[in-house]
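Please read all numbers here as calculations on a predicted model, not as lab measurements. Side chains are part of it too, since the values below use all heavy atoms of this structure and drop only hydrogens, waters and symmetry mates.
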Amino acid sequence: MGIGAVWLQLWILHSGTVLPAASVAATGPLSWALRDVDSLFRHYQLQDTIQLRLGESDREVHLRKQPQGYLIEAPDSLTGVYGLYTFLEEKHGFVFVHPLVTLRVLPSSCKDMKIQPRFRWRGFHLHTQHPIELTEAFHDPAFPEGEKLVRSYIDWLVRNRQNYFEFCLLRTVQLEKWVPYFRRIVQYARERGVTVGLDISLRMQQQRAFQLLPRYSLHSKRYLLYTRLQLLASTGIARLNVDLNAAEFVGKTWGPWIDSLLHYGEKIGITVMSRQHVVPPDAYALGDFHPQELPRNLTLCVHSVMCYGLRDSITPVYRCKNFSHLYETLREESRHRKVWYYPETAYWVTFDNSVPIWLLSYLRSRWEDIRLVEGLAEGHLTFSSGWDIGYWLFDWSVARWSWKATCDGEEVVSFPQEGFMRLFGGDTLLWERLIRFQDSVLVGRDLLSYLTPTTPMDEIGWYALPPFQPRLPVPPWKIYRKPGKYQARFSGPLQGMRSAILNWPAWPSLPSPTDETLRILWQELKTAWDITHLRVAFRYHWLSALLSPRGSLKEASHIDSLHLYLAAAEKIVRQLPIRYPHTTQKELCRATSNPRRCRHPHPSYRFGYLYPALHLHFWKRELSQVENGNWSPFHHNIWDIPRILGLW
């Protein structure tokens, strides 16, 4: 059956009986893991001997060094898979940082290790409403090597001991072609021990979300609900994460359909989940949302956003002062229902990897929150919106933190800078300083509000529409028109930005000699760090230009500085590795048999998610705004607002 290894010598001891590896079912998670381990050993020309005992412990996975190899003890075959990959990490130094990047670093010296999951469900939500790496691969059976790309992601999940993933299904999908295609993907995930879900909506209009109850149909709503649930269930998925709201700032709109949804889900064999958005319960533009009003048999995902943590004192997003209401929901609702924590490692739009800026606060906040919600949340579901420009580090770190371990009887203490240390070594205090410096300046002093480009919603209706992201305390066009009025108000933030620019720590050097793959990762993170520094300087001069008298030498001097910082950013942004070329394109096309025809891709956005970052679109737009005084929402606009809102 192809399981037997040349380099890896394997026996399985189960209930006192020694079984050859070839006796394992060829379609089970353990056999797939054995094949994967064998292929990695062959690729790196390694040899080792392990013994695997199943049913020997209740929940822990135990790895022990023996005279002739390693002994792995696990409760069952699936946890045995996690033991195998822990063995690769600890004994042979494998790190699975990215679906397309695997490398080896220094192994651990641990001789006796026990690992245990912090959460029953550990996984990722790929936000494919955005044009990220796998958006088209998940939706389009004809996308070049799409299934291969998805399989590589599933492999990454398993290698990092995750057991769940979902993505946003869009209503632009061609269901008759997609169902058999996605059925193969679900089957592969099952064989690898990963449960698959879909993120859909009851009737959300924005960003092309798939609707269980389409707004325009001749069929009855009850018929639509049941038949569409059946169709999705035919792919083999196990869970549906259903958004019950009509839009992010529109409160409860589910009416009587929530009970029907749960009833049909139980009948079909699908677990139904939903989420509490980050918006405070009584801060919706229309209606409200109180989780205690939801049926108790509904699993609730509590969603925080961006790089802010549950205990942060300042979270200036979505009409929030802080996220205390989310933590309170986790505490209260965990007494009555199953709850999952649902934070982010990237937001996109005009906030982080689209600008680009690289926010190490994600490491601090995700690490703190995991420790905080352990014991409250049944699952930890990470909202992921793009991996490049260093954001893979956050997903990989979260996956590692979802497990805890002991080494030779001592607890293995995790920390935010753990990923840096695992990859590059060096002084842990030096890496910690980078995180603390950026976190204290950008989050603690709220300088993020002064670095973030305005969103389309800000520019269309600054006062009429609710804010999504951190933003300036007043619209930039008001500052431009009356600079003298606001100089005192911005003196403090400008002083903080100037201090950050002058005291920005240097990126640590890379030990030499080193692996080429590791050098590329180090260079990518260094570039992300340096371009964030340039962004602080660019916005400092941009705000200073806004606050200068129009036509003055002072304004001209700051505009000259903007050109210099833009040129410096353009020079280094070209150094970033591009792992998925389609994510950088200005005009994405669906795969069609007619190469001359470019059909709009599945999400609401025409371009790949890295296009604004690699072309520094927001920097150039801001420079043009202050040079020309053009503050129209349509000035250098890349957003199709009606399509994003779901008007067509």
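- Considering CZ of F182 and CG of L232, their distance stands at 9.5 Å, rounded to 0.5 Å.
- Between the side chains of S152 and D155, no donor N or O sits under 3.5 Å from an acceptor N or O.
- P577 is listed as a side-chain neighbour of R579, based on a closest heavy-atom distance under 4.5 Å.
- Of the charged side-chain nitrogens involved, at least one lies within less than 4.0 Å of a carboxylate oxygen, so that K404 and E374 count as a salt-bridged pair.
- Taking the six-membered ring for Trp and thresholds of 30 and 60 degrees, H127 and H125 have ring planes inclined between 30 and 60 degrees apart.
- Relative to the six-membered ring of F210, R171 misses at least one condition, a distance below 6.0 Å or an angle of at most 45° to the axis.
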Practice item. Check step by step if salt bridge (Lys or Arg N to Asp or Glu O under 4.0 Å) holds for D38 and R35. Key: CA-CA 5 Å; D38 184 42; R35 294 177 184 181; over 6 Å; no
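- Classification of the F167-H139 ring pair by plane angle, with boundaries at 30° and 60°, yields perpendicular.
- For W401 and W396, the ring centers are positioned 6.0 Å apart or more.
- Taking the six-membered ring for Trp and the full ring otherwise, the centers of W403 and F119 sit at least 6.0 Å from each other.
- Only one option out of R161, R422, R159 pairs with E89 in a salt bridge (Lys or Arg N to Asp or Glu O under 4.0 Å); it is R161.
- A side-chain donor from one of Q207 and Y605 sits under 3.5 Å from a side-chain acceptor of the other.
- The local environment of CD in E516 is crowded, with over 12 non-hydrogen atoms from other residues, nucleotides or ligands closer than 6.0 Å.
- Salt bridge annotation for D427-R433: absent, with no cationic side-chain nitrogen under 4.0 angstrom from a carboxylate oxygen.
- Checking E570 against W619 by side-chain atom types alone, no donor-acceptor pair falls below 3.5 Å.
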Check your understanding: Should D140 and R590 be marked as a salt bridge (Lys or Arg N to Asp or Glu O under 4.0 Å) after you check the CA-CA gap, both sets of side-chain angles, and the distance that decides it?
Key -> CA-CA 8 Å; D140 190 350; R590 292 196 204 187; over 6 Å; no
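- The side-chain heavy atoms of Y580 and L100, taken from C-beta on, include a pair separated by under 4.5 Å.
- Side-chain polar atoms of Y342 and N241 form no donor-acceptor pair below 3.5 angstrom.
- The pair R275-D243 meets the salt-bridge criterion, since a charged nitrogen lies less than 4.0 angstrom from a carboxylate oxygen.
- Salt bridge annotation for D530-K526: present, with a cationic side-chain nitrogen under 4.0 angstrom from a carboxylate oxygen.
- Note that CG of L442 is 8.0 Å distant from CZ of F437, once rounded to the nearest 0.5 Å.
- Taking the six-membered ring where the residue is Trp, the centroids of F41 and H92 are separated by under 6.0 Å.
- For Y164 and W340, the gap between ring centers is short of 6.0 Å.
- Counting only heavy atoms from C-beta outward, the side chains of C598 and E587 approach each other to under 4.5 Å.
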Under 3.5 Å, which donor-acceptor pairs link side chains of residues 350-357 to any protein atom two or more places apart or in another chain?
unit_1 : atom_1 : unit_2 : atom_2 : d
T350   : OG1    : P453   : O      : 3.3
T350   : OG1    : Q469   : OE1    : 3.2
T350   : OG1    : Q469   : NE2    : 2.7
D352   : OD1    : Y347   : N      : 3.4
D352   : OD1    : W348   : N      : 2.9
D352   : OD2    : Y347   : N      : 2.8
D352   : OD2    : Y362   : OH     : 2.6
N353   : ND2    : S385   : O      : 3.1
S354   : OG     : V349   : O      : 2.6

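- Aromatic pair F143/H582: ring centres closer than 6.0 Å.
- Checked by atom type and distance alone, the side chain of K620 pairs as donor or acceptor with a backbone atom of H615 at under 3.5 Å.
- T345 pairs in a side-chain contact (heavy atoms from CB on, under 4.5 Å) with only one of the listed residues (S384, S365, C307), which is S384.
- Residues F124 and W156 place their aromatic rings such that the two centres sit under 6.0 Å apart.
- At least one side-chain heavy atom of Q162 sits less than 4.5 Å from a side-chain heavy atom of S402.
- At least one test fails for R400 against the ring of F394: distance under 6.0 Å to the centre or angle within 45° of the axis.
- Side-chain contact annotation: Q417 with T428, donor-acceptor N/O pair under 3.5 Å present.
- Contact check for F138 versus V150: side-chain heavy atoms found under the 4.5 Å cut-off.
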Practice item. Check the pair W431 / F415 against ring-ring contact (aromatic ring centres under 6.0 Å, His included), numbers first and verdict last. Key: CA-CA 11 Å; W431 296 112; F415 39 88; over 10 Å; no
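- Taking the ring centre of W358 as origin, the terminal cationic atom of R535 falls outside the region bounded by 6.0 Å and 45° from the ring axis.
- With sequence neighbours left out, the ring-ring contact (aromatic ring centres under 6.0 Å, His included) criterion links Y188 to W32.
- In the displayed structure, R183 atom CZ is contacted under 6.0 Å by more than 12 heavy atoms of other residues, nucleotides or ligands.
- Centroid-to-centroid, the aromatic rings of F383 and H303 come within less than 6.0 Å.
- The six-membered or imidazole ring of H98 lies near that of W387, with a centre-to-centre distance under 6.0 Å.
- Looking at heavy atoms from C-beta onward, V97 lies out of side-chain contact with T102 at the 4.5 angstrom threshold.
- Residues S361 and Y308 bring no donor and acceptor atom of their side chains to less than 3.5 Å of each other.
- Side-chain contact annotation: W367 with S397, donor-acceptor N/O pair under 3.5 Å absent.
- Environment of CZ in R436: sparse, with no more than 12 heavy atoms of neighbouring residues, nucleotides or ligands closer than 6.0 Å.
- Considering only heavy atoms from C-beta on, L88 comes within 4.5 Å of F96 through its side chain.
- Put simply, the side chain of M273 reaches to within 4.5 Å of the side chain of R239, judged on heavy atoms.
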